[in-house]
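We name chains A, B, ... by the order of the sequence lines, and we start the count at 1 in each one. Since this is a predicted model, take the numbers as computed values, not measurements.
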2 protein chains.
Amino acid sequence: MAKGTIARTVSERADLLPLISEVFRSHGYEGATLALIGKATGLGKGSLYHFFPDGKAQMAAEVLAEIDHWFEVNIFAALRKSDDPAQAIADMTAGVDRYFRSGHRVCLVGVIALGASRDIFSSQVQDYFSRWNDALAQTLRRAGLSTSVARRRSADALLTIQGALVLARALDDTKVFGQALVDMKARLLAK
Amino acid sequence: MAKGTIARTVSERADLLPLISEVFRSHGYEGATLALIGKATGLGKGSLYHFFPDGKAQMAAEVLAEIDHWFEVNIFAALRKSDDPAQAIADMTAGVDRYFRSGHRVCLVGVIALGASRDIFSSQVQDYFSRWNDALAQTLRRAGLSTSVARRRSADALLTIQGALVLARALDDTKVFGQALVDMKARLLAK
DNA sequence: TGGAGACTGTACCGATCGGTACAGAGAGTC
DNA sequence: GACTCTCTGTACCGATCGGTACAGTCTCCA
């Protein structure tokens, strides 16, 4: 029998996703509890389930979609349409460095790919990486590389980013990430 | 008031760890429940807590220790003492490929490094990677590389392995892992 | 033969899990 | 003012969480 006063905060769905995103990022899908999400957003379950009727799975799916959209707009698009491959790759590298806060931030898509929740989100995870892979390979082709070399180097770049995030966090040394990005950029257009 | 017959399985602690290891590997630390571990080992909580009085945290710590020991014996030691750097690196690559089942298996140390449980196991995680890094850099020095180049290339190799596991799983394509290992080996002793 | 001690299943614990139900509060609309 | 609709906190649900307690069963050794 609540009698109380209910504060009205008027949350915007768009403001919510980044907050929820950070909870999934630092706790993983299974570790991100509604209690943690509630604390991070300042919202009770009522509000959370108002915005996301399908609960935790929907929150994660929408967070993944938002991340995908950010990369689509800020990274993939430029890769596809640029007519200056070297510049496009430099832009990608700078964008990635900014997004992952020079190695302080972890890749949620990678985290989910490694966990048991991959089965639930496998198509979103696969789509994210393969669209990135395609866009980057396209840029490399335009730089004169053969299709097979372009695809090999592009996969190498993606895995370098993911591995650098893992190792930087494991060693608690973000310099690893910065160095990996330098190496990656050099390798992409070498020879 | 149990009346029943209790089957006696006589489990060996040494046989338990690999089974528990796979549960942590595929579910992460937070996702690995006692129920899953019980199912994987065929043991009830009674037996589990008999072998691991400190519960889940102790299980994970011992699994990490066993992994560390395996790499120490099968990978790091050869790296440190070999007088044929090219052969040592070929052996490491082959060993890594075998251990990770050509990309079908995930790295538990990496999984933990990315998750929230890193805080609990940070020293074990850091130790594993930095000892690997040191051993590999030592090999590269013996191959004539400067200290700084050796350390840079060695970190690059470690992060390539981790990233390849992430990307292979994300794209559900183990060829990514095999190719990354080939590239890594070539890069380690290049020029 | 009869402890002693290692190993086992299971009942149980309080806490927390994801999710539901619902009533109250605020802002508009007529 | 009465009605609607959106957003809110909270009480509550059954299930499961990690962990404890304990009695039963086995093996070993005197």
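- Residue side chain B/Lys45 does not reach the base of C/dG9 through any donor-acceptor N/O pair under 3.5 Å, judged by distance alone.
- Taking the salt bridge (charged side-chain N to carboxylate O under 4.0 Å, His left out) definition, one finds that B/Asp134 meets it with B/Arg151, sequence neighbours left out.
- Considering only residues two or more places apart in sequence or on other chains, B/Asp183 meets the salt bridge (charged side-chain N to carboxylate O under 4.0 Å, His left out) condition with none of them.
- When each of B/Gly46 and B/Lys56 is assigned the nucleotide of DNA chain D with its nearest heavy atom, B/Lys56 is the one assigned upstream, toward the 5' end.
- When the side chain to side chain contact (heavy atoms under 4.5 Å, CB included) test is applied to B/Thr93, the partners found at least two apart in sequence or on another chain are B/Ile89, B/Leu181, B/Met184, B/Lys185.
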Return all side-chain donor-acceptor pairs below 3.5 angstrom for residues 160-171 of chain B, not counting sequence neighbours, or 'none' if the list is empty.
residue  : atom : partner  : partner atom : Å
B/Thr160 : OG1  : B/Asp156 : O            : 2.6
B/Arg169 : NE   : A/Ala113 : O            : 2.8
B/Arg169 : NH2  : A/Gly115 : O            : 3.1

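- Residues from residues 22-39 of chain A lying near DNA chain D, meaning a heavy-atom separation below 4.0 Å, are absent.
- Take B/Tyr128 and apply the ring-ring contact (aromatic ring centres under 6.0 Å, His included) test, not counting sequence neighbours, and it matches B/Phe71, B/Trp132.
- Closest to the side chain of A/Tyr49, from the set D/dG18, C/dC7, C/dG18, is C/dG18.
- Cation-pi geometry between A/Arg13 and A/Phe52 is satisfied (NZ or CZ under 6.0 Å from the ring centre, within 45° of the ring normal).
- Within the structure, salt bridge (charged side-chain N to carboxylate O under 4.0 Å, His left out) pairs that include any residue of residues 16-36 of chain A comprise A/Glu22-A/Arg25, A/Glu22-A/Arg105 (at least two apart or interchain).
- Heavy atoms of B/Gly55 sit under 4.0 angstrom from primed sugar atoms or phosphate atoms, though from no base atom.
- Under the side chain to side chain contact (heavy atoms under 4.5 Å, CB included) criterion, B/Ala78 pairs with no residue, sequence neighbours left out.
- Secondary-structure stems of DNA chain C, taken as three or more successive Watson-Crick or G-U wobble pairs (i with j, i+1 with j-1) under a 3.5 Å distance threshold, comprise C:1-30 with D:1-30.
- When the nucleotides C/dG18, D/dT8, C/dT8 are ranked by their closest atom to the side chain of B/Leu43, C/dT8 comes out on top.
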